[in-house]
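Worksheet: the structure to be examined is printed underneath.
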Amino acid sequence: VRSLRVGQRLTGIIQQIGPFGLFVDVGAQRDGLVPISLVSKGYIADVYEEYMPGQKVTVFVAQIKHNGELSLTMQPSRARKSKGMLKEDLSDFKDAGEEWLTGTLVHASERGFFVEVRRPGPEQGRTT
């Protein structure tokens, strides 16, 4: 784990799937966890239908905790650490001001709502 760094790209094998995420063997002393929210940019209704144990995946180191736990992400843009939290680059929205954006509700939970909106500008990608 000590040789890893945040943002590093790794290839791993899914060892186990749980309702909260994927445990991936990346060759470190312990498996890393890809939380369900960091598996895909969009909402995944059933992670068991998308992934299976033994499947090879590309992951990025999201966080290395003091106790050696390894947090991974499958989204390269979410592999940056900021005050202990992962953040997507939202700089495309800096000029949106107080303009209301139209979005699509992709998931609602006790923790909040996940809404997909179009990025402003020529590329107009989506972010959740």
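At distances below 3.5 Å, at least one donor-acceptor pair connects side-chain atoms of Gln55 with backbone N or O atoms of Met52. A distance-only check finds no donor-acceptor pair linking the side chain of Glu49 to the backbone of Asp46 [under 3.5 Å].
Using a 4.5 Å heavy-atom cutoff, the side chains of Val24 and Val57 are in contact. Within the 4.5 Å cutoff, side-chain heavy atoms of Val59 are placed close to those of Val34. Within the 4.5 Å cutoff, no side-chain heavy atoms of Pro19 are placed close to those of Ile36. Residues Gln63 and Thr73 are not in side-chain contact: their nearest non-hydrogen atoms beyond the backbone lie 4.5 Å or more apart. The shortest side-chain heavy-atom distance between Ile64 and Leu4 falls under the 4.5 Å cut-off. In this structure, the side chains of Lys65 and Ser71 come closer than 4.5 Å at one or more pairs of heavy atoms. With contacts defined as side-chain heavy-atom distances shorter than 4.5 Å, the pair Lys56/Thr11 qualifies.
With sequence neighbours excluded, the residues forming a ring pair (Phe, Tyr, Trp, His ring centres under 6.0 Å) with Phe20 are Phe23, listed by chain and number. Qualifying side-chain contact (heavy atoms from CB on, under 4.5 Å) partners for Thr58, counting only residues two or more places apart in sequence or in other chains: Arg9, Phe60.
Atom CD of Gln15 and atom CG of Asp31 lie 5.0 Å apart (nearest 0.5 Å). Between atom OH of residue Tyr51 and atom CD1 of residue Ile17 there is a gap of 9.5 Å, rounded to the nearest 0.5 Å. Here the straight-line distance linking atom OG of Ser40 with atom CE of Met74 works out to 8.5 Å at 0.5 Å rounding.
Its side chain outside the 4.5 Å cluster rule for every partner, Ile13 clusters with none of the Ile, Leu, Val, Met, Phe, Trp and Tyr residues.
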- Task: Check the pair Leu33, Leu70 against side chain to side chain contact (heavy atoms under 4.5 Å, CB included), reporting the backbone distance first and the verdict last.
- Result: CA-CA 6 Å; Leu33 173 65; Leu70 188 59; over 6 Å; no
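The minimum heavy-atom distance linking Arg30 with Glu69 is given by the pair NH1-N, 3.4 Å.
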